[in-house]
Amino acid sequence: MAATGLAAGAVALAPSLAATTAAASPRRALNTGDRVPALIIGSGYGGSVTALRLAQAGIDAHIVEMGRDWGTAASGVFTSTTSPDKRGFWLRNRTAQPVSHFMGVSIDKDIEKYVGILDCENMGGINVYQGRGVGGGSLVNGGMAVTPRRGYFEELLPSVDSNEMYGTFFPRANAGLGVNNIDQAWFESTEWYKFARTGRKTAERSGFKTTFVPNVYDMNYMKQEAAGAVPKSALAGEVIFGNHAGKKSLPKTYLAQAASTGKVTITSLHRVTKVVPSGAGYSVEMEQIDEQGNVVATKTVTADKVFFAAGSVGTSKLLVAMKAQGHLPNLSGEVGQGWGNNGNVMVARANHLWDPTGGKQSSIPTMGIDNWDDAGGPAFAEIAPFPAGADLFISLYLSITKNPERAQFQYNSSTGKVGLSWQTSQNQPGINMAKRIFDKINSKEGTIYRTDMFGGYKVWGDGLTYHPLGGAILNKATDNYGRLHGHPGLYVMDGALVPGNLGVNPFVTITALAERNIAAIVANDMH
Ligand SMILES: Cc1cc2nc3c(=O)[nH]c(=O)nc-3n(C[C@H](O)[C@H](O)[C@H](O)COP(=O)(O)OP(=O)(O)OC[C@H]3O[C@@H](n4cnc5c(N)ncnc54)[C@H](O)[C@@H]3O)c2cc1C
């Protein structure tokens with residue numbers, strides 16, 4: 001349970017700790033009556049950075065995470081990619097694979113309901129995939145670690161000093177995350193990246209620029225996997241249901257560092273449901289859940305400061321509900337606005353038999369097609385693996401397009417739930433932008449789209465996103481450092497701050513913004 005060294009979970013308390021008074025900040029799972037200086041909702045990128053930097057400044061930081069602690073064991077924890085069991089999905093009776101079909105037939109199957117690692121949260125017109133557990137999205141993502149182009153970052157977040165970001169905070173985030181690059185000579189020769197070389201070759205033959213993409217997966221470890229010297233993770237296809245080795249997920253980076261301060265606890269399998277003003281701070285209500293998602297207890301603790309880091313969707317849903325229910329009435333009307341899917345669209349092409357993609361494929365992408373300068377449809381497409389164990393001649397792509405469409409989170413007073421206004425049709429601009437790349441490649445190559453991987457006869461994977469962004473945009477719903485307007489002592493630290501379209505994979509930017517904002521908050525607000 002405590003493999004990360006700091007996840008308190010719902011563990012039985014040691015007698016000495018159980019006797020901790022409410023006034024002192026406890027070093028254990030939170031209980032009703034506790035009073036803490038800083039409570040952080042969520043243990044993804046925003047939450048982990050916040051916890052580490054508060055702790056380093058001497059402030060006890062308590063993370064509340066609704067997923068379970070997956071630990072850092074090297075085997076036996078995560079389910080398999082090709083045949084996921086209950087550990088793969090968050091509280092569902094049936095799997096919801098992002099690439100849902102093969103040969104037109106659904107590959108989903110029934111599973112037991114469990115607090116699994118990947119959530120497919122249906123938000124009306126879109127399925128939003130998110131990581132669940134201590135480490136948030138870092139547990140399930142592809143590790144692509146991209147610093148956005150400076151010009152576009154400045155266009156997107158003009159209130160942020162880009163000299164500071166590119167001089168200090170992006171480098172700090174890249175270092176903290178352990179970003180590294182693939183050995184290009186190895187990339188050119190290994191069978192494990194044949195799929196990426198084929199994707200590059202076909203793109204370049206149509207005149208597109210391609211680029212290597214940094215990653216947090218330890219590329220030296222991967223080379224050793226290929227050499228048979230260490231247990232395989234990326235080369236065993238592990239990624240969206242967790243990596244047993246190789247990937248520097250947050251429990252191995254920021255959260256491990258946070259644990260070493262001795263000033264951070266994580267209360268896992270607890271879901272925050274309410275935040276209301278209480279005296280000089282806030283009263284925070286949470287539900288403790290069991291591994292089947294049943295509520296086994298409700299708890300109320302008090303915190304001087306509350307940091308929302310539940311991810312774009314989690315944070316936005318909480319804030320919109322708290323405003324609508326009158327618990328945080330002074331929040332800005334900007335809360336819940338400006339959500340986007342980072343222009344995500346998936347598509348697959350069928351290559352000719354003389355352009356194989358390889359039966360062996362690393363699950364970690366390292367190459368992209370950069371068509372961002374195309375004024376008619378800026379897009380960046382990750383050349384994604386499709387590790388099926390046999391050469392299927394498939395090129396799969398996840399495009400990040402400059403789709404300008406946005407949606408709002410809205411409270412439904414009859415259900416008491418928060419929904420998202422996004423319609424599937426809002427992804428058409430993204431499809432049009434991606435088509436500018438792949439129509440051209442197909443026409444040049446004389447190849448076709450696969451129509452069997454996202455439905456019965458469906459070319460575009462347009463009903464899902466891996467990159468939810470926005471809902472509490474920096475300098476709109478918050479001030480320029482994530483302080484929520486109207487309620488001093490409340491902060492947003494995660495992807496909710498980022499306008500809905502970043503142009504690249506988001507976690508480096510989320511991490512760097514959190515680094516920037518927490519530095520200012522520690523310096524000015526935490527006395
Ligand atoms: C399959 C997949 C692949 C991806 N690949 C990449 C990639 O290669 N590169 C990249 O940059 N990005 C990638 N992403 C996106 C990236 O993981 C996210 O952008 C990032 O994790 C968002 O960080 P965050 O801090 O905003 O929130 P998250 O990392 O989502 O963390 C939020 C945490 O809060 C918890 N939480 C939510 N609500 C509550 C609540 N009420 N109470 C308590 N806890 C709560 C959640 O369980 C979660 O652990 C991918 C995502 C997916 C799903």
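Just so you know, ligand 1 is whichever comes first in the structure, and atom 1 is the first atom listed for that ligand.
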Discussion item. Glu65 versus ligand 1: do any nitrogen or oxygen atoms come within less than 3.5 Å of each other?
Written reply: yes
Fill in: Sub-3.5 Å N/O-N/O distance, Gly143 and ligand 1
yes
Worksheet item: Is ligand 1 under 4.0 Å from a heavy atom in the side chain of Ile240, in the backbone, in both, or in neither?
Response: side chain
Discussion item. Side chain or backbone, does Gly137 bring an N or O within less than 3.5 Å of an N or O on ligand 1?
Written reply: yes
Worksheet entry | Donor-acceptor contact below 3.5 Å, side chain Glu382 vs main chain Gly368 | no
Item to complete: Give a yes or no answer on whether the side chain of Asp85 reaches the backbone of Ile111 with a donor-acceptor pair at less than 3.5 Å.
Response: no
Worksheet item: Given the side-chain rings of His244 and Phe78, with only the six-membered ring counted for Trp, is the space between their centroids under 6.0 Å?
Response: yes
Worksheet item: For ligand 1, which atoms, with element, lie under 4.0 Å from some heavy atom of Gly136?
Response: 29 (O), 31 (O), 48 (C), 49 (O)
Item to complete: Please say whether Gly142 places an N or O atom under 3.5 Å from an N or O atom belonging to ligand 1.
Response: yes
Worksheet entry | Under-4.0 Å salt bridge between Glu287 and Arg271 | yes
Practice prompt. Answer yes or no for Arg68 and Trp70: cation-pi contact, defined as NZ/CZ to six-membered ring centre under 6.0 Å and angle to ring axis within 45°.
Written response: yes
Practice prompt. Report yes or no: does a heavy atom of Gly135 sit under 4.0 Å from some atom of ligand 1?
Written response: no
Item to complete: Check each heavy atom of Ile41 against ligand 1 and say whether those closer than 4.0 Å belong to the side chain, the backbone, both or neither.
Response: side chain
Worksheet item: So how far is it from Ile289 CD1 to Leu91 CG, rounded to the nearest 0.5 Å?
Response: 6.0 Å
Practice prompt. Before signing off on this row, confirm whether Gly46 and ligand 1 have an N or O atom pair separated by under 3.5 Å.
Written response: yes
Worksheet item: Do Thr265 and His62 have side-chain atoms, one donor and one acceptor, less than 3.5 Å apart?
Response: yes
Worksheet item: Less than 3.5 Å between some nitrogen or oxygen of Val508 and one of ligand 1, yes or no?
Response: no
Discussion item. Give me the nearest non-hydrogen protein atom to atom 19 (O) of ligand 1 as residue plus atom name, then the distance to 0.1 Å.
Written reply: Pro506 CG, 3.3 Å
Response to the item:
Counting heavy atoms under 4.0 Å, the part of Met286 that contacts ligand 1 is neither
Worksheet item: atom 37 (C) of ligand 1: which of Ala310, Ser268, Pro468, Ala496 has the nearest heavy atom?
Response: Ala310
Worksheet, complete the sentence: among protein heavy atoms, the one nearest atom 44 (N) of ligand 1 is Met66 N, 3.1 Å
Worksheet item: Do Gln292 and Tyr114 have side-chain N/O donor and acceptor atoms under 3.5 Å apart?
Response: no
Worksheet item: Are any of the N/O atoms in Gly314 less than 3.5 Å from those in ligand 1?
Response: no
Item to complete: Give the residue, atom name and distance (to 0.1 Å) of the protein heavy atom nearest atom 31 (O) of ligand 1.
Response: Gly44 CA, 3.3 Å
Discussion item. On a heavy-atom basis, I'd like to know which of Tyr129, Phe308, Tyr217, Phe507 is closest to atom 10 (C) of ligand 1.
Written reply: Phe507
Worksheet item: With a 6.0 Å cut-off on ring centres, are Trp460 and Phe454 close enough?
Response: no
Worksheet entry | Short side-chain to backbone donor-acceptor contact, Asn342 and Asn344, under 3.5 Å | no
Discussion item. Could you check, using the six-membered ring where one of them is a Trp, whether Tyr491 and Tyr481 have ring centers closer than 6.0 angstrom?
Written reply: no
Worksheet entry | Within-shell test, Lys317 vs ligand 1, heavy atom, strictly < 4.0 Å | no
Discussion item. Side chain or backbone, does Tyr45 bring an N or O within less than 3.5 Å of an N or O on ligand 1?
Written reply: yes
Worksheet item: So which protein heavy atom does atom 27 (O) of ligand 1 come closest to, and at what separation?
Response: Gly311 CA, 3.4 Å
Discussion item. Using a 4.0 Å cut-off to any heavy atom of Ala309, which atoms of ligand 1 qualify?
Written reply: 32 (C), 33 (C), 34 (O)
Worksheet item: Does an N or O from Leu118, backbone or side chain, lie closer than 3.5 Å to an N or O of ligand 1?
Response: no
Worksheet item: Taking it one step at a time, do Glu515 and Arg53 satisfy salt bridge (Lys or Arg N to Asp or Glu O under 4.0 Å)?
Response: CA-CA 8 Å; Glu515 287 280 19; Arg53 301 307 176 199; 2.8 Å; yes
Discussion item. Check this for me - ligand 1, Asn141, N or O atoms closer than 3.5 angstrom, yes or no?
Written reply: yes
Discussion item. Can you confirm if the aromatic rings of Phe241 and Phe89 lie within a centre distance of less than 6.0 Å?
Written reply: yes
Discussion item. Check this for me: does any side-chain nitrogen of one of Glu334 and Lys476 sit under 4.0 Å from a carboxylate oxygen of the other?
Written reply: no
Worksheet entry | Within reach of ligand 1, part of Asn505 (heavy-atom separation under 4.0 Å) | both
